[in-house]
Amino acid sequence: MVNGGGLDGHRLARMRDVMAGHVEQGRVPGLVMAVWRRGEAHVETLGHPAFGASAPLGRDALFRISSMTKPITAVAALILVEECRLRLDEPVDELLPELAGRRVLARPDGPLDDTVPAERPITVRDLLTFRLGMGMALDEAWWGTPYARAAQGLGIAGFGPPRPDVPHTADEWLSRLATLPLMYQPGERWLYNIGSLVLGVLVERVSWQPLETFLRERLFGPLGMKDTAFSVPAAGLHRLPTSYAVDPGGGELSVYDGVEDSAWSRPPAFADGAAGLVSTLDDFLAFARMLLDGGVYGGERILSRPAVELMTSDQLTPRQRAEAFGDAGSWGFGVSVVTRRDQLWATPGRYGWDGGLGTSWWSDPAENLIGVLLTQRLQFPAHNPVYLDFWTSVYQAVAD
């Protein structure tokens, strides 16, 4: 049985059974998932918003999408690029003077006072591609460096799991960040996360609006993303599932962020453009469909097709790709890009990103396919069986 979207109905049922098994086995209390192909969406909601809850998880549940915020912030910046209010290869010094005249560590694991001058300024492209020279290195050894300890000691977002309850305004956050030198020369190496936070501050300064206001007016409104925001109002907290963390040793689940006392239950002082948003399945699916359709949604153009193609194409050097992603992936603007098939689901040209609190989105232009998985289980995706089985199940259901 093949539906109009070219998905096998029997295999979609298999996907539901596999994912229901994860709920029954207690790996997650519940999940919402969608497979969209050729204009048709298959949506499933399973389980409950928390362990021990009796109410079913709703399709309109509000999930902390964490790093799935990054592509949204990238689109906001590209809107300003297309209006000629930003230029990709222009230094950010004038708009972000805190980052002018940078010093760079003589060696990345060395003392913070052993520095050399930056060889060039940071550009907008550096922020979009995470090559501004500062950020998180995705290896455990990095956390023991003087740089990592100093970054965490400053009490600023961006150097650890997402938490929106940072007490600093955007200007104060950037001022604190600017007390650190760069780890590498601008453009030299891909480093995670910080580029999107700085990009959010840049969007605010160029637009003369809070980041959330700009996103609501220029992106969320046109896409009908009525529930996507940096916090959840009191009237909507019943739609917010409990967030859980996984103990890396024993695998037990414990509460990471609750509901009534959630860090997302009040507007943040600083809108985290890297990991701060909450969203729903239908809201994020609208965003994904806009990108897959070349920047258009509901007859309204958000971005040009060339801008979407640039955003979702490989932007790293061979060495940077190998250091950050191995030989099968790379990075565009706010999204990862598949460069070689090494998994059932790894079609070259496929793009998207995952959220560290248990969410995942990828779009596949070659298959005209979108997948979205929303849970609230904090764990790195490569070790999360819920994540791995979802994506295997999505692609095994492709019928033609």
Side-chain angles (χ1 to χ4, degrees), residues 65 67-100 121-130 132 156-158 162 164 166 168-178 193-231 267-279 283-284 286-287 290-291 295-298 300-308 310-311 332-335:
I65 62 170
S67 287
M68 283 165 56
T69 303
K70 291 175 171 65
I72 290 174
T73 303
V75 167
L78 286 172
I79 288 172
L80 294 170
V81 168
E82 293 205 319
E83 293 176 351
C84 299
R85 299 164 74 182
L86 285 174
R87 296 177 182 86
L88 286 176
D89 296 308
E90 201 165 68
V92 298
D93 292 9
E94 184 175 339
L95 294 163
L96 304 176
E98 297 93 334
L99 298 182
I122 296 167
T123 66
V124 176
R125 188 187 299 271
D126 292 329
L127 301 181
L128 285 161
T129 59
F130 287 8
L132 69 161
I156 53 179
V166 176
H168 316 302
T169 64
D171 290 346
E172 172 65 16
W173 178 87
L174 188 61
S175 294
R176 286 174 173 248
L177 183 72
N193 206 47
I194 292 297
S196 288
L197 285 107
V198 178
L199 199 64
V201 179
L202 182 64
V203 169
E204 289 195 343
R205 292 192 181 178
V206 174
S207 67
W208 291 91
Q209 292 178 299
L211 179 59
E212 185 164 17
T213 302
F214 181 85
L215 291 173
R216 188 182 309 118
E217 292 180 359
R218 303 302 304 277
L219 192 58
F220 299 160
L223 294 180
M225 297 172 66
K226 59 185 177 61
D227 289 315
T228 304
F230 286 100
S231 62
F270 172 50
D272 179 349
L277 287 172
V278 296
S279 191
D283 275 14
F284 204 89
F287 174 78
M290 178 273 293
L291 290 177
V296 175
Y297 184 83
E300 182 167 354
R301 181 162 292 283
I302 306 298
L303 283 179
S304 68
R305 177 185 52 76
V308 173
L310 180 65
M311 173 182 172
F333 292 168
V335 294

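Residue indices begin at 1 and follow the sequence shown.
- Residues Ala77 and Leu86 come closest through the heavy atom pair O-CD1, 4.0 Å.
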Applying side chain to side chain contact (heavy atoms under 4.5 Å, CB included) to Leu80 and Val124, what does each step give before you reach the verdict?
CA-CA 11 Å; Leu80 294 170; Val124 176; over 6 Å; no
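- Separating the CZ atom in Phe130 from the CD1 atom in Ile194 is a distance of 9.0 Å, to the nearest 0.5 Å.
- Separating the CZ atom in Phe333 from the OG1 atom in Thr129 is a distance of 6.5 Å, to the nearest 0.5 Å.
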Could you go through the side chain to side chain contact (heavy atoms under 4.5 Å, CB included) check for Leu174 and Leu99 one step at a time?
CA-CA 8 Å; Leu174 188 61; Leu99 298 182; 4.3 Å; yes
Show me the donor-acceptor pairs within less than 3.5 Å that the side chains of residues 195-204 make with the rest of the protein, sequence neighbours left out.
from, atom 1, to, atom 2, distance (Å)
Glu204, OE2, Leu211, N, 2.8

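- Side-chain atoms of Val308 and Ile302, non-hydrogen and from C-beta on, never get closer than 4.5 Å to each other.
- The two residues His168 and Trp173 make their nearest non-hydrogen contact at CB-N, 3.9 Å.
- Annotation: the span from Thr73 atom OG1 to Leu78 atom CG amounts to 11.0 Å, rounded to 0.5 Å.
- Asn193 and Ala274 make their closest contact through OD1-CB, 3.4 Å (heavy atoms, listed as atom of the first residue, atom of the second, distance).
- Considering every non-hydrogen atom in both Thr228 and Ser279, the closest pair reads OG1-OG, 2.8 Å.
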Side-chain donor-acceptor contacts of residues 216-223 below 3.5 Å, not counting sequence neighbours, with atom names and distances?
from, atom 1, to, atom 2, distance (Å)
Glu217, OE1, Gln209, NE2, 2.8
Arg218, NH1, Glu83, OE2, 3.0
Arg218, NH2, Glu83, OE2, 2.4

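- In this structure, Met311 and Val335 approach most closely via the heavy-atom pair O-CG2, 3.5 Å.
- A search for ring-ring contact (aromatic ring centres under 6.0 Å, His included) contacts involving Phe287 returns Phe284, not counting sequence neighbours.
- Distance check: Leu177 CG to Ile156 CD1 gives 4.5 Å after rounding to the nearest 0.5 Å.
- For Asp93, the salt bridge (charged side-chain N to carboxylate O under 4.0 Å, His left out) test picks out no residue, with sequence neighbours left out.
- For Arg205, the salt bridge (charged side-chain N to carboxylate O under 4.0 Å, His left out) criterion is met by Glu98, Asp171, not counting sequence neighbours.
- Listed by chain and residue number, nothing satisfies the side-chain hydrogen bond (donor to acceptor under 3.5 Å, both in side chains) test with Asp272 (two or more places apart in sequence, or in another chain).
- With sequence neighbours left out, the side chain to side chain contact (heavy atoms under 4.5 Å, CB included) criterion links Ser231 to Pro267, Pro268.
- Here Leu132 contributes atom CG and Leu127 contributes atom CG; the two are 5.5 Å apart, rounded to the nearest 0.5 Å.
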Trace of the side chain to side chain contact (heavy atoms under 4.5 Å, CB included) decision for Leu277 with Phe230:
CA-CA 5 Å; Leu277 287 172; Phe230 286 100; 3.7 Å; yes
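- For Ala229, the side chain to side chain contact (heavy atoms under 4.5 Å, CB included) test picks out Glu212, with sequence neighbours left out.
- One finds the CG atom of Leu96 at 8.5 Å from the CD1 atom of Ile122 (value rounded to the nearest 0.5 Å).
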Step-by-step side chain to side chain contact (heavy atoms under 4.5 Å, CB included) determination, Val92 to Asp126:
CA-CA 10 Å; Val92 298; Asp126 292 329; over 6 Å; no
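- Of all heavy-atom pairs spanning Val206 and Arg85, the tightest one is O-NH2, 3.3 Å.
- With sequence neighbours left out, the side-chain hydrogen bond (donor to acceptor under 3.5 Å, both in side chains) criterion links Ser207 to no other residue.
- Residues meeting the side-chain hydrogen bond (donor to acceptor under 3.5 Å, both in side chains) test with Ser304, sequence neighbours left out: Glu82.
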